[in-house]
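Below is one structure; the comments refer to it alone.
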Amino acid sequence: MEVRVRYAPSPTGLQHIGGVRTALFNYFFARSMGGKFILRVEDTDRERFSEESLKDLYDTLEWLGINWDEGPEKGGDFGPYVQSKRTDLYRKYADQLVDEGMAYHCYCSSERLDNLREVQKKEKLSYGYDRHCRDLTKEERDKNEKDGLTSVIRLKIPLEGKTSFDDVLLGTVTRKNKDISPDPVLMKSDGFPTYHLANVVDDHLMEITHILRAQEWIPSGAMHVLLYKAFGWEPPFYCHLPMVMGKDGQKLSKRHGSTSVVDFRKRGYLPEAIINYVTMVGWAFDDSREFFTKEELEELFSLEKISKSPGVFDYKKLEWFNGQYIRKKSEADLIEEVIPYLKKDGIISEEVTEKEMLIIKNMMSIMTERLHFISDISELARFLFKDIGNYTLTDIIPKKMDFKGTIIALEGARELVKGFSSRTDEENEELFRKKSEEVKVKLGSMLMPLRVAISGSKVSPPIFGSLRLLGVDKALERIDHVISLLKDAAKNEEEQEGNNGQ
RNA sequence: GUCUCCUUCGUCUAGUGGUUAGGACACCGGGUUUUCAUCCCGGCAACAGGGGUUCGACUCCCCUAGGAGAUGCCA
C-alpha cells in the first residue's frame with residue numbers, strides 16, 4: 001500500500017509554527033515511506049478566508065522547501081485540491097446521507113442556538129445541540145421549507161453504543177456515542193460544507209491512508225469515524241500530533257511572540273534552523289543527535305518516535321539553532337543572505353557598488369560568529385559604510401581614566417594606525433602592546449577608545465580587522481575627530497576648575 | 001459542567017524491570033580573547049503524589065492531583 005498523506009490548512013491567517021510542524025511531519029513521513037504528500041486547501045470558511053493567507057501558504061512552503069506531489073498549482077489525479085471548487089461533491093454526499101436517514105435538515109436559527117448554549121452554561125448542563133430537528137415529521141419539514149426557513153444538514157449521531165478509532169501513537173481511542181458532539185453540522189446554510197464533511201469526503205476520495213493532525217482533533221476523531229461508516233467507507237489510520245505550546249503552557253499564539261513563519265523569516269531566521277528545531281519539538285531521533293538537514297529527516301523520520309505530550313516552543317533554542325546554521329553556511333551563501341538586509345536598512349545602495357561588494361566580501365569572516373540572526377548584520381556593519389557619531393565621551397573614556405590619559409593613549413594608537421596596513425596582525429599586536437606599556441595603560445584601555453573612535457561603539461568586531469576594512473585614511477579621520485573632541489572637553493574642564501579657584 | 005488526551009531537570013528530550021537517570025538549550029562559574037561574539041571546560045537541576053504487582057520499579061496496573069484540548073453554521 002502506498003502511503004498518501006496530506007497537509008490541509010485553511011487559509012484564514014498566516015502560516016504559523018504549529019501548522020508548519022504538522023506540514024513537516026506529514027511531509028517527512030511521506031518521504032520516509034516513499035509515499036505521496038498532498039496539499040489541500042480547506043477554504044470552506046468564507047467569512048475568514050483571505051487571498052493573502054493563501055499566498056502566504058504557498059510562499060511559506062516554498063521558502064521551507066516543502067514540495068507537494070499533488071495539490072493546487074501542481075495538479076494530480078484527485079483534483080481539484082481546493083475545497084471551494086468541490087462544493088457540488090459535498091452537496092451530493094450530504095444529500096445522500098439525508099436520503100438514507102443518516103442525516104437531517106435542521107431549521108434552528110442561530111438565535112435559538114445561542115440561547116440554548118447560554119441556558120446550558122448557566123444551568124451547568126452539558127453543552128451541545130438539543131437535537132430539536134432530528135425527528136421532525138414530514139409535515140413539519142414541508143412547512144419550514146414553505147416558510148422559506150434556511151436549513152443546515154446535521155449528522156445523526158447514534159444515541160447509544162460507542163465508537164473508536166486507531167491511533168498510531170495513542171492506540172485505540174474509544175468514545176461513547178452519547179459523549180460525541182450531538183449531531184454536528186455537515187452542510188452550512190451558505191451551501192458550503194463544514195470541516196468535518198469536507199475533510200472526510202476528500203480524504204476518502206483522495207485515498208489518504210494516514211491522517212497526521214494536531215491533537216486538538218482527538219475529540220472529533222470518533223465522529224469522523226461515524227461519518228466514514230455512514231458512507232460505508234473504511235477510515236484511514238490516525239496519528240494525532242502533540243500540540244505546540246507557549247511558555248505558559250497554553251496553545252501557542254500571538255501573545256507569546258511571533259508565531260507566523262513569515263515573521264521569523266523577516267527577522268533573519270534560516271529555513272534550515274526552523275525546520276530542524278520545529279521538528280525537534282515532539283520528535284527525537286535518539287539520545288544525542290539533534291542536528292538534521294531536511295534531506296536527512298526525509299529519510300530518518302518515523303512516527304514511532306513522536307512524543308505524546310505537548311511541547312513548549314522555546315524561542316531561545318531556535319535562536320541557538322539559527323546561530324549554528326549561520327556558522328555552518330559558506331561565506332558565499334552568507335553574502336547572498338546578508339545583502340537584502342543591508343539594502344533594506346539603507347546600509348548599502350540598491351545597486352550594490354563594486355566598492356561595497358568588496359567590503360562585504362572581506363567582512364564576512366569577522367561578522368559570521370557575531371550573527372544570531374541575519375538581520376543583525378546591519379547594526380554590526382554600519383560603521384564600515386556609514387558615518388558614525390552616535391557615541392558619547394563616556395563611551396570613549398575607559399574606566400579609571402581621564403581626558404588626558406585617554407588622549408595620550410589614543411594619540412599613541414594613532415601613531416601605529418598610520419603604518420598599520422603594511423604590517424601583519426602579529427606585528428601590529430606586538431607594537432600595540434609595547435606602546436601601551438610606554439603610555440602606561442593596559443592594552444585594553446588603549447584599544448577601547450580606538451574601538452569607539454572607528455566603530456562608534458564599545459562593541460564591535462575585532463579592531464585590526466575593522467581597521468583593515470575601513471582603511472587607514474578613514475580611520476585616522478575618525479581618530480582625529482575623537483581626539484579633538486577630547487581636547488575640547490579637557491579644556492572646558494580646566495576652565496571650570498580655574499573659575500572655581502578664583 | 002461533560003468528555004478526551006497528557007505528566008522525566010526551568011524548557012526540548014533519551015530511557016521500555018536492575019543506569020552514578022544520559023544529552024541539548026537556558027542559567028551560573030572558569031578558560032581562550034583587544035570589546036562583543038564564537039569556542040572549550042565545569043556546575044546547577046528531573047522521574048507529580050499515593051497505592052499495588054515484583055527479589056527489584058522512571059519503566060507494568062489502579063487511584064488522586066495537575067496541565068492541555070474539545071464541547072460552533074471556525075478549522
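Here is how names work: the chains are called A, B, and so on, in the same order as the sequence lines, proteins then strands, and each is numbered from 1. These numbers come from the heavy atoms of this one structure, side chains and all, not from hydrogens, waters or symmetry mates.
Atoms CG and CG, on A/L270 and A/N276 in that order, are 11.5 Å from each other to the nearest 0.5 Å.
In this structure, CZ of A/R21 is placed 12 Å from P of B/C12, rounded to the nearest angstrom.
The salt bridge (Lys or Arg N to Asp or Glu O under 4.0 Å) check on A/K435 picks up A/E438, with sequence neighbours excluded. With sequence neighbours excluded, no residue forms a side-chain hydrogen bond (donor to acceptor under 3.5 Å, both in side chains) with A/S302. Listed by chain and number, the residues in a salt bridge (Lys or Arg N to Asp or Glu O under 4.0 Å) with A/R327 amount to none (sequence neighbours excluded). For A/R112, the salt bridge (Lys or Arg N to Asp or Glu O under 4.0 Å) partners are A/D130, not counting sequence neighbours. Applying the side-chain hydrogen bond (donor to acceptor under 3.5 Å, both in side chains) criterion to A/N362, with sequence neighbours excluded, gives no partner residue. Checked against salt bridge (Lys or Arg N to Asp or Glu O under 4.0 Å), A/R40 has the following partners two or more places apart in sequence or in another chain: A/E42, A/D202, A/D203.
Residues in residues 448-471 of chain A take part in these salt bridge (Lys or Arg N to Asp or Glu O under 4.0 Å) pairs, two or more places apart or across chains: A/D425-A/R468. Residue pairs that meet the salt bridge (Lys or Arg N to Asp or Glu O under 4.0 Å) test with at least one member in residues 163-183 of chain A, sequence neighbours left out, are A/R131-A/D183, A/R134-A/D183.
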Requested in this report: Scan nucleotides 41-47 of chain B nucleotide by nucleotide, 5' to 3', and note B when protein non-hydrogen atoms come under 4.0 Å of the base, S if they reach only the sugar-phosphate, - if neither.
Outcome: -------
Query raised in the report: Reading nucleotides 65-75 of chain B from the 5' end, what letters show protein touch, with B for base, S for backbone sugar-phosphate only, - for no heavy atom under 4.0 Å?
Result: ---SBSBSBBB
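Out of B/C5, B/U35, B/A24, the shortest distance to the side chain of A/E290 is found at B/A24. Side-chain proximity of A/R370 to B/G22, B/A37, B/U34: nearest is B/A37.
Cation-pi geometry between A/R46 and A/F49 is met: the NZ or CZ atom falls under 6.0 Å from the ring centre, inside 45° of the normal.
Taking a 4.0 Å limit (strictly below) on heavy-atom distances, residues 426-442 of chain A reaches RNA chain B at A/E429, A/R433. For RNA chain B, the residues of residues 449-457 of chain A within the heavy-atom distance limit of 4.0 Å (strictly under) are A/R451, sorted by number.
Of the candidates A/F301, A/Y7, A/W283, A/F25 forms a ring pair (Phe, Tyr, Trp, His ring centres under 6.0 Å) with just one, namely A/F301.
Residue A/S460 is in base contact, counting any heavy-atom pair closer than 4.0 Å across all strands shown.
The residue among A/K317 and A/L169 whose nearest nucleotide of RNA chain B is located toward the 5' end is A/L169.
Centroid-to-centroid, the aromatic rings of A/Y90 and A/F192 stay 6.0 Å apart or farther.
One finds no salt bridge joining A/E47 and A/K188 here, because no Lys/Arg side-chain nitrogen approaches an Asp/Glu carboxylate oxygen to under 4.0 Å.
The partner of B/A24, taking Watson-Crick or G-U wobble pairs whose two distances both stay under 3.5 Å, is B/U11.
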